[in-house]
Enquirer: 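Let me begin by handing over the structure; questions about it come next.
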Amino acid sequence: MNIKITKKNYQEKLNKLKIHNKLYFEKNSPKISDAEFDKLKQEVLNIEKKFPSLKNKYSPSHQVGFKPSKSFDKYTHKVQMLSLSNAFDENDLLNFEKKVSNYLNKKEKYKYSVEPKIDGISASLTYINKKLVYGVSRGDGKVGEDITKNIKTIKDIPLLIKDVNFPNEIEIRGEVFIKKNDFLKIKDDFANPRNAASGSLRQKDEKETKKIPLKFIAYSYGFFKENNFKNQSDFLKELKKWGFKTNKDNKILNGINELLNFHKQFENNRYNLDYDVDGLVYKINDLNLQNRLGYTSNAPRWAIAHKFSANNANTKILSIDIQVGRTGALTPVAKVDPVNIGGVVVSNATLHNEDEIIRKDIRIGDIVKIERAGDVIPHVIEVDKTKREKNSISFTFPNKCPSCGSEAIKEFNKITKKYDAVRRCTNEGYGCERIAIEKIKHFISKEALNIDGLGKKVVEKFWDLKFIKKPQDIFNLNYSKIEKLEGWGKLSANNLKVSIENSKKVSLQKFIYSMGIRHIGIENAKIISENVKNINDFILIIKDKKFYKFANINGIGETQINSLKNFFSDDLNQKIFIELKNILVVQNENINKSGILKNKTFMFTGKLDGISRAEAKSLIEKNSGTTLTSISKNLDILVIGEKPTKKKVDDAKQLGIKIISQKQLKELLD
Ligand code: IVH
């Protein structure tokens with residue numbers, strides 16, 4: 001063919017491609033079908049293959065494998081992007097449904113929206129006045145990266161919505177992913193489809209993103225003011241009408257049995273799908289119930305991800321080590337003959353706790369099936385007892401802590417009337433070496449002091465070198481020694497110094513959490529700090545052992561109070577806490593509450609109708625009120641349900657406390 005004619009032909013096709021691209025991406029009104037578009041693109045690529053010299057900067061040819069950029073602007077999600085809790089078997093699902101029933105105070109066969117869990121990267125799309133204005137990655141759930149330019153290159157994502165019913169402002173959430181077939185074409189550049197999606201989505205130059213055929217499936221919403229939908233399934237249907245792609249395999253099912261059957265069937269078929277899935281997501285379909293259930297600190301109470309059984313392999317248990325955790329829990333870990341599971345060499349598997357070893361009768365020398373599912377630590381599924389040696393003996397779990405030699409016990413749980421499955425070292429504090437190291441790791445962790453450059457490995461190293469024995473040693477490090485260590489140097493040592501200095505300013509909540517006290521997680525630390533308001537009052541309480549003062553705080557029960565008592569009755573723990581308080585700049589809680597129940601305290605007595613105590617409490621808190629657990633002068637309103645305790649009502653009357661019914665409370669909130 002004449003080169004001149006070819007050049008003309010190439011230019012024409014390329015121009016056409018540019019026009020249709022623009023119509024598709026910018027105007028959101030394609031004039032040709034996807035197939036025609038793909039055909040045109042292929043023709044351009046074919047010409048380029050024969051005549052590489054024709055290629056210019058507008059060529060659609062693939063260039064992949066660029067590193068994702070770190071230089072995106074930060075964007076704070078209006079509504080957090082949380083993750084999902086996982087279920088692996090029927091038991092986990094039954095537990096999930098039990099929690100839902102307890103919370104809602106209602107036992108029934110729930111309807112679920114069932115959605116394949118595509119293994120990609122989640123994204124949040126903000127539409128204002130029907131126009132896509134932001135495309136944001138999940139980030140840490142609170143703050144993501146502004147990747148709007150890259151998001152706009154994805155064909156499945158509409159830039160402008162035409163539907164008249166589309167809300168004025170909404171965050172559409174969904175998954176960005178790459179189909180298996182498309183991945184095959186670029187598989188040399190990325191480890192797996194998920195990496196390919198994440199890598200290409202986070203390119204500095206959006207033209208690089210555009211070269212990868214990314215897809216988007218919508219499944220949820222974040223901020224959505226005028227939400228009048230009754231069911232998740234209605235919302236999914238509407239998403240489609242608005243112009244989003246939804247998963248054609250989405251389903252509505254009733255009750256756990258239907259979920260289990262469908263899971264089995266879908267898992268068997270997973271390899272025939274044209275996208276990667278790692279499980280199914282089950283969401284309570286009724287959005288009113290979803291709203292009532294709300295969220296824990298990191299996941300919704302109304303949804304769960306039922307994972308597919310991941311890759312597994314058989315191997316031999318060489319030994320069983322006992323690890324000691326921050327709160328003294330002894331965790332048995334099997335050292336196994338290294339085995340490759342799905343591309344990762346596994347040589348350790350958790351055995352969870354003593355009861356698990358007894359239940360499965362796991363012994364050293366056994367051949368076991370090990371599973372590695374997603375990010376979860378590999379664990380033993382079953383023992384192949386046919387391969388067991390005749391002289392094998394049961395494993396005896398130690399009753400002494402392997403780190404400090406203290407007695408290790410199983411606590412009796414008064415509520416379940418059973419002994420815990422976990423055995424614990426009775427040394428709550430820094431007297432036990434392993435507990436001390438784990439406590440220091442917790443102290444510097446992301447949710448606590450968040451010290452950049454001081455990771456878990458560095459803590460281990462500094463411990464071995466005797467640089468750190470207590471958390472406060474972190475603020476008294478010898479940097480001239482550190483810079484001489486292998487892999488360090490002046491710059492890294494100085495960076496560490498700066499981030500340690502920066503970490504000194506800390507909220508009361510984080511400070512309490514950073515101590516790593518058992519049962520005092522982020523949520524409880526927050527509740528306590530909001531209640532005591534300042535560090536000096538907190539110190540007075542622990543010095544005078546007036547822990548009962550916490551008894552009135554909603555969410556803090558006997559378990560938490562006993563744990564605080566235990567922790568601070570150890571002189572060394574108390575000394576460390578006070579010394580740290582003098583080093584750190586602990587900022588008092590600045591509570592900005594503006595709900596209609598602001599400054600009001602509530603207490604319940606009697607059985608509530610159609611709602612659990614936990615949900616009622618959280619309703620009060622959502623509206624900035626506080627709940628108390630005993631009658632006192634501090635109580636403003638006593639809410640009475642069915643068969644209230646007479647004494648409580650009488651005491652309240654005597655103190656002149658306002659008494660209202662559940663119905664009146666509802667009216668107040670409405
Ligand atoms: S709903 C509040 N629905 O799973 C939770 N997530 O572990 C909102 N995912 O980050 C998530 N398919 O990337 C939801 N149909 C689906 C999903 C889905 C995949 C991913 C998503 C999320 C992760 C949660």
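Worth knowing before you read on, the calculation uses all heavy atoms, side chains too, and leaves out hydrogens, waters and symmetry mates. We count residues from 1, following the sequence as given. Order of listing sets the numbers, starting from 1, for every ligand and every atom in it.
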Enquirer: Write out all pairs satisfying ring pair (Phe, Tyr, Trp, His ring centres under 6.0 Å) with one or both partners inside residues 137-171, taking only residues at least two apart or from two chains.
Expert: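 Residue pairs with at least one partner in residues 137-171: Tyr127-Phe166, Phe166-Trp242.
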Enquirer: Taking only residues two or more places apart in sequence or in another chain, which ones pass side chain to side chain donor-acceptor pair (under 3.5 Å) with Gln290?
Expert: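 None.
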Enquirer: I'd like to know whether the aromatic ring centres of Tyr513 and His442 sit less than 6.0 Å apart in this structure.
Expert: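 Ring centroids of Tyr513 and His442 are less than 6.0 Å from each other.
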Enquirer: Could you tell me if Glu530 and Gln509 have a donor-acceptor pair between their side chains, going purely by distance under 3.5 Å?
Expert: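 Looking only at side-chain atoms, Glu530 and Gln509 do not form any donor-acceptor pair under 3.5 Å.
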Enquirer: What about Phe223 and His77, are their ring centers closer than 6.0 Å?
Expert: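 No; His77 has its ring centre 6.0 Å or more from that of Phe223.
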Enquirer: Among all residues two or more places apart in sequence or in another chain, which pass the side-chain contact (heavy atoms from CB on, under 4.5 Å) test with Asn247?
Expert: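 Result, side-chain contact (heavy atoms from CB on, under 4.5 Å) vs Asn247: Pro116, Ile118, Ile217, Asp249, Asn250, Tyr275.
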Enquirer: Report all protein residues having a heavy-atom distance below 4.0 Å to some atom of ligand 1; order the list by chain, then number.
Expert: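 The answer is Leu82, Ser83, Leu84, Glu115, Pro116, Lys117, Ile118, Ser122, Arg138, Glu175, Tyr219, Val281, Lys283, Pro300, counting any residue whose heavy atom sits under 4.0 Å from ligand 1.
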